[in-house]
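Only one structure is covered here, and it is reproduced in the block below.
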Amino acid sequence: MVPKRSWALDARCKLWKLLLDQSILAYQTQQPEGKRENFPQMLKLGSGFGRNRSPWQNSIARSAISCILVVITQFSLLIVPRCFSSLPLTAQLFLSGVVLVFVAGVGKLCKRLLRVRASAPAFVFFTVLFVWAVYLAAVRPAISPLGDILLNGELILLAIGFFSIMSSDPGFVKVAWSNQDNTMELDSSAIGLCSTQTSMERRVRFCKTCDAFVRGYDHHCPAFGNCIGQENHLLFIVLLGGFIAVEISYVISAHEVARNFQSLSDRENNLKERFAISTMLFSIIQVTWQLVFLAWHVYCICFNIKTDEWINWRKYPEFQIVSQNSTGESFGDMKFTNPYDRGILCSLKEFLSI
């Protein structure tokens, strides 16, 4: 039985309403008689603007903000090939990382000050679109027709997989609400507690972001805007590998442009080439952390453990071993154990049979 959380939202709404009323009252007492109603009316109009927008309008606004952030990020990366083209590749990568961290920090601060939100999936989509545009404008003429076909094919498959995982069902579990005691309980038929089902089908976890129970829950992926669970975990691994493959192909292709750019005498008028180098550096940084991320997920798959379970294992009793003395008394020392680890081959077989 899990308590329904709507009471917390109601309490917060009442608190904000009380603070708003107190602010209006304090303002009214400081204003002349003829101006006391202007501010509350303006405040009501301003506070209702965001609530009256439809979900589609919110999505469009957040996507537009993400598009602006992508343009700012990619144009900021032009500083490295523009001012530090004579440095070695490792130094340029380091400077590109510094630029990315700085732009991300400034962007986060601006969003907080302006009270706007961006969309992570839209940011990923517009980033891929931007790199694809740079490829068509600057990199494509420098590679062979076969390489062009392969890279464009990889990008098309990547776009299809990206939209597929965004709209996929990760394995949401139905819940039954009880109006009498204001609680909800899981549908036992949907969870699958039968002995014939796999451990992944029995491991139902709660996602706070989606506010739902997910079978085989691994984590919530902001970049894809969806939970990663039993039904789409394999697609997530394939798509992550697809991103790495596309970025490696792009780095190899853009390297030819970068090598020709080093021999050019007039570098001031080669905006396309600088974009090719900056996006190549960006892709190398992306490949680096994505390879680590993919290795982590392969490790978890081999030992049959989820990311959420590894991080929050103290929340789940089946992963805990409490030390006991000879008399059977429990100590405070708690150790980790994985009851679902039955060997690498069995874990891989279970994962691939989903």
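Quantities reported herein were computed from a predicted structural model and do not represent experimental measurements.
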W310 ring center near F319 ring center (under 6.0 Å) = no

With hydrophobic residues grouped by side-chain heavy-atom distances under 4.5 Å, do L157 and L151 end up in a single group?
-> no

Check for a donor-acceptor pair, side chain of N232 on one end and backbone N or O of S168 on the other, with a separation under 3.5 Å.
-> no

Spacing of CG belonging to N226 relative to SG belonging to C207, to within rounding of 0.5 Å | 9.0 Å

Do I65 and I60 belong together in a cluster built from hydrophobic side chains that touch within less than 4.5 Å?
-> no

Before giving the answer on side-chain contact (heavy atoms from CB on, under 4.5 Å), spell out for N304 and E350 the whole-Å C-alpha distance, their side-chain angles and the decisive distance to 0.1 Å.
-> CA-CA 9 Å; N304 201 355; E350 183 174 335; 3.6 Å; yes

Just how far is it from atom CG of N58 to atom CZ of R117, taken to the nearest 0.5 Å?
-> 9.5 Å

Please identify each residue that fulfils ring-ring contact (aromatic ring centres under 6.0 Å, His included) with F303, with sequence neighbours left out.
-> Y299

Please check if I165 and L352 belong to a single hydrophobic cluster, counting links between Ile, Leu, Val, Met, Phe, Trp and Tyr side chain heavy atoms closer than 4.5 Å.
-> yes

For residues 70-79, tabulate all N or O donor-acceptor pairs below 3.5 Å that involve a side-chain atom, not counting sequence neighbours.
{"unit_1": "T73", "atom_1": "OG1", "unit_2": "L69", "atom_2": "O", "d": "2.7"}
{"unit_1": "S76", "atom_1": "OG", "unit_2": "I72", "atom_2": "O", "d": "2.6"}

Could you tell me whether a side-chain N or O of Q230 sits under 3.5 Å from a main-chain N or O of P170, the two making a donor and an acceptor?
-> no

Under the 3.5 angstrom rule, does the side chain of E231 hit a backbone N or O of D169 as a donor-acceptor pair?
-> no

Those residues that, when tested against E309, pass salt bridge (Lys or Arg N to Asp or Glu O under 4.0 Å) (two or more places apart) | R203, R205

Please report, to 0.1 Å, the donor-acceptor pairs under 3.5 Å made by any side chain of residues 122-150, with sequence neighbours excluded.
{"unit_1": "T127", "atom_1": "OG1", "unit_2": "F123", "atom_2": "O", "d": "2.7"}
{"unit_1": "W132", "atom_1": "NE1", "unit_2": "N152", "atom_2": "OD1", "d": "3.1"}
{"unit_1": "Y135", "atom_1": "OH", "unit_2": "D148", "atom_2": "OD1", "d": "2.4"}
{"unit_1": "R140", "atom_1": "NE", "unit_2": "D148", "atom_2": "OD1", "d": "3.3"}
{"unit_1": "R140", "atom_1": "NE", "unit_2": "D148", "atom_2": "OD2", "d": "3.1"}
{"unit_1": "R140", "atom_1": "NH2", "unit_2": "D148", "atom_2": "OD2", "d": "3.2"}
{"unit_1": "S144", "atom_1": "OG", "unit_2": "G147", "atom_2": "N", "d": "3.3"}
{"unit_1": "D148", "atom_1": "OD1", "unit_2": "N152", "atom_2": "ND2", "d": "2.6"}

Quick one: list whatever passes side chain to side chain contact (heavy atoms under 4.5 Å, CB included) with F293, sequence neighbours left out.
-> H219, F236, L240, W289, H297

Is there side-chain contact between V257 and I277, with at least one heavy-atom pair below 4.5 Å?
-> no

Other hydrophobic cluster members with L109, side-chain heavy atoms of Ile/Leu/Val/Met/Phe/Trp/Tyr under 4.5 Å, chained?
-> L113

Sidechain-backbone polar pair: S85 side chain, R82 backbone, donor-acceptor under 3.5 Å = no

